[in-house]
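Below, each value reflects all heavy atoms present in this structure, side chains not excepted, and no hydrogens, waters or symmetry copies. No experiment lies behind these values; they were computed from the predicted model shown. Order of the sequence lines fixes the chain letters, A, B, ..., with proteins taken first and strands second; residue numbering starts at 1 for each chain.
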Amino acid sequence: MWSQSQQDEPWANGGEPAVVDVRGLRMRYGSKDVLTGVDFSVARGEVVCLLGPNGAGKTTTIEILEGFRMRSAGQVRVLGVDPARGGEDWRARTGVVLQSWRDHARWTSRRLLAHLGGYYTPYSTPHRARPYGADEVIAMVGLEELADQKIATLSGGQRRRLDVAIGIVGRPELLFLDEPTAGFDPHARREFHDLVHRLSDLEDTTILLTTHDLTEAEQLADRILILAGGRIVADGTADQLARQVAGEAQVRWSRGGEDFVHATPDASAFVRQLFAQYGDEVADLEVRRASLEDTYITMVQQHESGDADRAATTFKEVAR
Amino acid sequence: MNPTRHAVRLGLARGWTEFKQSLQSPQDQGFYLFWAVAVLTYLLINRNNEVEGTTLLLPSVAMPSIIGGLVAFSVVMGPAFSLASEREDGTLLRAKAVPRGLVGYVTGQVVYQSLNLLPSVAVILVPGFLLFDELMHRGVAGWLTVSWVLALGLVATLPIGMILGSLVKSTQMVATWGMLPIMVLAGISGIFYPVQQLWGWVQVVAQVFPMYWLGLGMRSAFLPPSAVALEIGGSWRTLETVGVLGAWALVGLLVTPVVLRRMARRQSGSQVEAARQAALQWVR
């Protein structure tokens with residue numbers, strides 16, 4: 001497995017300091033543990049996707065990294081700073097794409113981008129001129145024709161594009177996106193993916209995004225982190241994860257009206273044992289090679305049926 | 001470039017933009033129209049009533065009192081609603097996500113809410129002067145008094161609105177914790193009838209809050225010297241007006257930054273999302 005977190009120093013590949021370094025991150029709301037020990041790091045210029053079922057703690061994790069939420073325990077470094085104590089200078093180097101719903105209804109996109117971009121002017125450096133001009137960033141998200149309309153008149157998808165524009169207007173070194181394509185049509189989604197690639201390739205922007213959609217994670221990310229049961233259960237490129245789960249077979253069956261799924265490297269032995277144990281009670285038997293998608297869907301199902309711990313071990317089993 | 005001063009400048013521009021946008025908004029225009037019609041109708045119905053113990057007509061006495069009450073009402077309710085709803089809809093979170101954005105946001109709010117006072121007062125005063133005779137008995141000196149009472153009243157009440165907007169759980173709670181108490185205060189603060197007609201302890205309560213003093217200050221600006229007989233102790237109590245309003249302003253300036261910081265610290269995307277879900281539920 002391709003994991004930075006076991007190293008002692010917050011260095012990513014190439015000896016450069018990691019942009020994001022998280023170790024032993026825990027979060028507890030009342031008596032409920034949402035994060036039980038999250039470890040990962042993100043190197044400069046990487047696009048990393050935090051993938052997981054709804055309620056797995058993706059938003060909590062990203063909000064802790066954004067400095068919007070206090071953690072219960074653990075070490076977190078974002079651009080070399082603890083986000084709980086990140087000042088305004090640190091803030092200027094990050095970009096956050098928020099999911100808004102009716103703010104600034106009377107403003108036009110152009111006016112709002114010019115205003116919010118203005119806050120970054122004092123943080124402009126010869127190396128990184130800040131902010132983008134309003135026109136430039138409007139063109140980047142394809143809102144040219146709507147730039148002078150009241151924001152209240154934008155559709156949900158158009159509004160999300162404005163959210164992205166606001167997130168990048170300060171030319172961030174690190175960009176956070178929480179479920180960025182929720183509510184996008186397929187066309188807007190593809191344009192958004194192009195934009196992410198462009199930001200990462202041309203602007204050297206490090207990008208951390210969350211999604212519950214595996215396909216999107218595969219298309220966007222250099223590396224996928226799967227969050228389940230309060231911890232990272234898989235960490236690698238889409239190919240690495242696919243290779244880890246291939247070679248495993250997935251056995252599905254039902255017994256007494258209840259459905260079961262088991263991943264195993266030796267399906268024959270497992271099925272033989274299954275019949276030896278339960279005989280005629282076993283029904284609906286199905287054996288097939290697990291794809292990454294199968295494994296992920298199994299995990300999501302287990303998570304949604306309230307069994308977060310079992311969901312977390314699904315990947316452990318297949319990843320050996 | 002000093003980044004904080006830069007953010008303040010952006011905030012000033014932000015407040016001005018919001019003000020212009022508000023003037024162009026049919027929603028806000030409707031709100032002003034509603035106020036103007038309500039107040040002027042009340043005054044027109046009572047236009048021939050003489051105020052007891054004077055030769056003054058009711059509109060002459062009621063107009064300054066209502067202006068004073070209106071200042072307290074709009075400068076408390078305006079920022080309270082703005083802050084509560086903009087915390088829910090993500091405006092505040094946007095400010096938090098840009099460097100020194102909160103400095104700009106708060107500056108913008110102060111500018112916007114202060115400027116809002118002008119149309120609120122103008123929609124009542126301008127037609128009032130056209131409809132009624134003898135409103136201003138003090139000439140230039142009177143207008144000067146109007147200006148300082150407005151300015152001091154603004155500084156005294158704006159923080160109350162901001163604190164209220166920061167503390168309430170949701171926008172709907174602004175009505176409960178803001179609107180209701182202010183309605184009660186308007187009833188006991190000598191806006192619609194002399195405060196002396198009420199029980200002693202109610203008079204004391206009324207004189208703790210800025211609304212009574214705003215009304216008194218306005219009456220001292222508009223009414224002839226003889227009308228002082230209508231007031232408690234037969235005096236305009238200018239020093240006391242400055243003292244009480246000044247004290248509220250001072251407390252406000254000390255407490256507001258603390259409360260605003262606390263509110264901003266708690267602001268996160270999940271909080272906005274939770275508010276969105278709550279609002280959807282509420283509309284259903």
Stepwise side chain to side chain contact (heavy atoms under 4.5 Å, CB included) test for A:Arg102 and B:Arg276: CA-CA 9 Å; A:Arg102 60 170 194 205; B:Arg276 190 170 84 100; over 6 Å; no
Take A:Arg106 and B:Asp28 through the test side chain to side chain contact (heavy atoms under 4.5 Å, CB included) and record every step on the way to the result. CA-CA 12 Å; A:Arg106 290 173 181 170; B:Asp28 290 6; 2.8 Å; yes
Let's go through A:Lys150 and B:Gln21 carefully: what are the C-alpha distance in whole Å and the side-chain angles of both, what is the deciding distance for side chain to side chain contact (heavy atoms under 4.5 Å, CB included) to 0.1 Å, and is it a yes or a no? CA-CA 10 Å; A:Lys150 272 192 193 163; B:Gln21 288 173 166; over 6 Å; no
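No other option in B:Val103, B:Leu92, B:Val98 has as many heavy-atom pairs under 4.5 Å with chain A as B:Val98. The candidate with the highest count of non-hydrogen atom pairs below 4.5 Å against chain A, out of B:Arg94, B:Arg9, B:Glu88, is B:Arg94. If you tally non-hydrogen atom pairs under 4.5 Å between each of B:Ser270, B:Ala13, B:Pro3, B:Ala7 and chain A, the highest count goes to B:Ser270. Between chain B and the options A:Thr59, A:Ile62, A:Asp103, A:Val169, the largest number of non-hydrogen pairs under 4.5 Å is found for A:Asp103. Ranked by heavy-atom pairs under 4.5 Å with chain A, the first of B:Gly90, B:Ala264, B:Gly269 is B:Gly269.
At a 4.5 Å heavy-atom cutoff, A:Trp90 makes no contact with chain B through either its backbone or its side chain. In this structure, the portion of B:Ser25 lying under 4.5 Å from any heavy atom of chain A is its side chain and not its backbone. With a threshold of 4.5 angstrom between heavy atoms, A:Phe176 does not approach chain B through any atom at all.
For B:Thr17 and A:Arg111, the side-chain atoms include no donor-acceptor pair closer than 3.5 Å. In the model, B:Arg100 has no side-chain atom that pairs as donor or acceptor with a side-chain atom of A:Tyr120 under 3.5 Å.
Remark: the backbone N or O of B:Ser268 is not paired with any side-chain donor or acceptor of A:Glu63 at under 3.5 angstrom. A distance-only check finds a donor-acceptor pair linking the side chain of B:His6 to the backbone of A:Gly118 [under 3.5 Å]. Looking only at distances, no side-chain donor or acceptor of B:Gln267 sits under 3.5 Å from a matching main-chain atom of A:Phe68.
Closest heavy-atom contact between A:Tyr119 and B:Tyr105: OH-N, 4.1 Å.
The environment of CZ in A:Arg28 is crowded: more than 12 heavy-atom neighbours from other residues, nucleotides or ligands sit within 6.0 Å. The neighbour count for A:Met140 CE, taken as heavy atoms of other residues, nucleotides or ligands under 6.0 Å away, is above 12. Residue B:Phe34 qualifies as open at atom CZ: its count of foreign heavy atoms under 6.0 Å is 12 or below. For B:Trp16, the CH2 atom is loosely surrounded, since the number of other residues' heavy atoms within 6.0 Å does not exceed 12. Atom CZ of A:Arg198 has more than 12 neighbouring heavy atoms from other residues, nucleotides or ligands inside a 6.0 Å radius. Taking a 6.0 Å sphere around CH2 of B:Trp177, one finds it holds 12 or fewer heavy atoms contributed by other residues, nucleotides or ligands.
Annotation: side chain of A:His115 is in contact with side chain of B:Leu10 (closest heavy-atom distance under 4.5 Å).
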